[in-house]
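The structure appears below as structure tokens.
Numbers here simply count residues along the sequence, with the first being 1. Quick note: numbers below take in every heavy atom, side chains included, and nothing from hydrogens, waters or symmetry partners.
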Amino acid sequence: MTKFVALALAGALVAGNGLAHAQQQDHSAHDSPGHGGHGTMEMSAPQPDDTSSTAAYREAMAEMHGNMAIEYSGNADVDFMRGMIPHHQGAIDMARIVLEHGSDPEVRALAEDVIEAQEAEIETMQRWLDEHAR
């Protein structure tokens with residue numbers, strides 16, 4: 001698997017999780033109590049049958065989504081950078097979880113690539129914010 005494909009897959013995974021979360025929130029807002037709605041806290045709350053990796057993923061996802069709830073500045077560039085930093089950090093956190101708990105060599109290699117790429121991108125975004133955001 002090429003590095004580009006690996007990074008694209010990782011990005012799709014994280015974006016898909018974010019989209020699923022956003023769709024879930026939209027549906028939860030319309031669900032009335034007692035009608036089976038699942039709030040964000042329920043999705044991220046530890047479950048009795050969670051494995052240690054599942055519990056870690058739930059925690060990482062909850063933290064990422066919480067940190068992505070930025071105060072918008074009205075500047076699309078600044079808001080993009082501020083929102084993407086925690087998004088990328090979430091990918092790093094998830095990759096570290098698979099390195100701790102996973103065993104598939106291909107997945108572990110992808111996780112290492114994700115960490116390297118996302119850390120570099122966070123540095124670039126933070127540097128840009130330091131130069132442009134007031």
Side-chain angles (χ1 to χ4, degrees):
M1 184 178 309
T2 67
K3 193 171 192 176
F4 174 76
V5 171
L7 292 175
L9 287 172
L13 173 67
V14 173
N17 283 334
L19 177 59
H21 177 74
Q23 289 173 336
Q24 183 277 325
Q25 281 186 319
D26 183 54
H27 291 295
S28 293
H30 302 294
D31 289 336
S32 58
H35 287 84
H38 299 287
T40 303
M41 293 307 290
E42 290 177 34
M43 281 184 58
S44 61
Q47 302 297 310
D49 59 345
D50 280 352
T51 63
S52 57
S53 63
T54 299
Y57 283 129
R58 287 183 191 279
E59 184 178 321
M61 293 295 284
E63 182 172 343
M64 177 185 70
H65 288 130
N67 290 339
M68 287 175 64
I70 63 169
E71 184 174 328
Y72 292 102
S73 69
N75 180 318
D77 299 323
V78 169
D79 293 344
F80 173 78
M81 294 297 203
R82 287 182 179 158
M84 288 303 291
I85 289 172
H87 181 72
H88 280 37
Q89 185 61 54
I92 292 168
D93 295 344
M94 291 173 63
R96 288 188 175 136
I97 293 165
V98 81
L99 290 177
E100 182 177 345
H101 299 279
S103 59
D104 185 284
E106 188 173 357
V107 175
R108 292 176 62 78
L110 174 59
E112 290 171 351
D113 289 345
V114 165
I115 292 169
E116 181 180 340
Q118 301 296 298
E119 284 178 341
E121 289 184 13
I122 288 172
E123 287 178 25
T124 298
M125 289 183 273
Q126 191 59 60
R127 189 171 35 256
W128 186 92
L129 281 170
D130 290 345
E131 295 171 5
H132 296 91
R134 313 260 181 253

Heavy-atom closest pair, residues S53 and I97: O-CG2, 4.0 Å
Same apolar cluster (I L V M F W Y, side chains within < 4.5 Å links), I122/I115: yes
Gap between atom CG of L99 and atom CG of L110 - 0.5 Å precision: 9.5 Å
Output a table of donor-acceptor pairs, distance under 3.5 Å, between side-chain atoms of residues 75-84 and any protein atom two or more places apart or on a different chain; print 'none' if there are none.
{"unit_1": "N75", "atom_1": "OD1", "unit_2": "D77", "atom_2": "N", "d": "2.9"}
{"unit_1": "N75", "atom_1": "OD1", "unit_2": "V78", "atom_2": "N", "d": "3.1"}
{"unit_1": "D79", "atom_1": "OD1", "unit_2": "S73", "atom_2": "N", "d": "2.8"}
{"unit_1": "D79", "atom_1": "OD1", "unit_2": "S73", "atom_2": "OG", "d": "2.8"}
{"unit_1": "D79", "atom_1": "OD2", "unit_2": "S73", "atom_2": "N", "d": "3.3"}
{"unit_1": "D79", "atom_1": "OD2", "unit_2": "G74", "atom_2": "N", "d": "3.2"}

In one Ile/Leu/Val/Met/Phe/Trp/Tyr side-chain cluster, 4.5 Å: M64, I92: no
Distance in Å, T54 OG1 paired with M61 CE, rounded so as to fall on 0.5 Å steps: 12.5 Å
Side-chain ion pair, E119 and R96, N-O less than 4.0 Å: yes
Spacing of CD belonging to E121 relative to NE2 belonging to H87, to within rounding of 0.5 Å: 10.0 Å
Nearest atoms (heavy-atom pairs only) where E100 meets R108: N-NH1, 4.5 Å
Rounded distance (nearest 0.5 Å) linking atom CD of Q89 with atom CE of M94: 12.5 Å
Beyond-backbone contact of Y57 with V98, side-chain heavy atoms, under 4.5 angstrom: yes
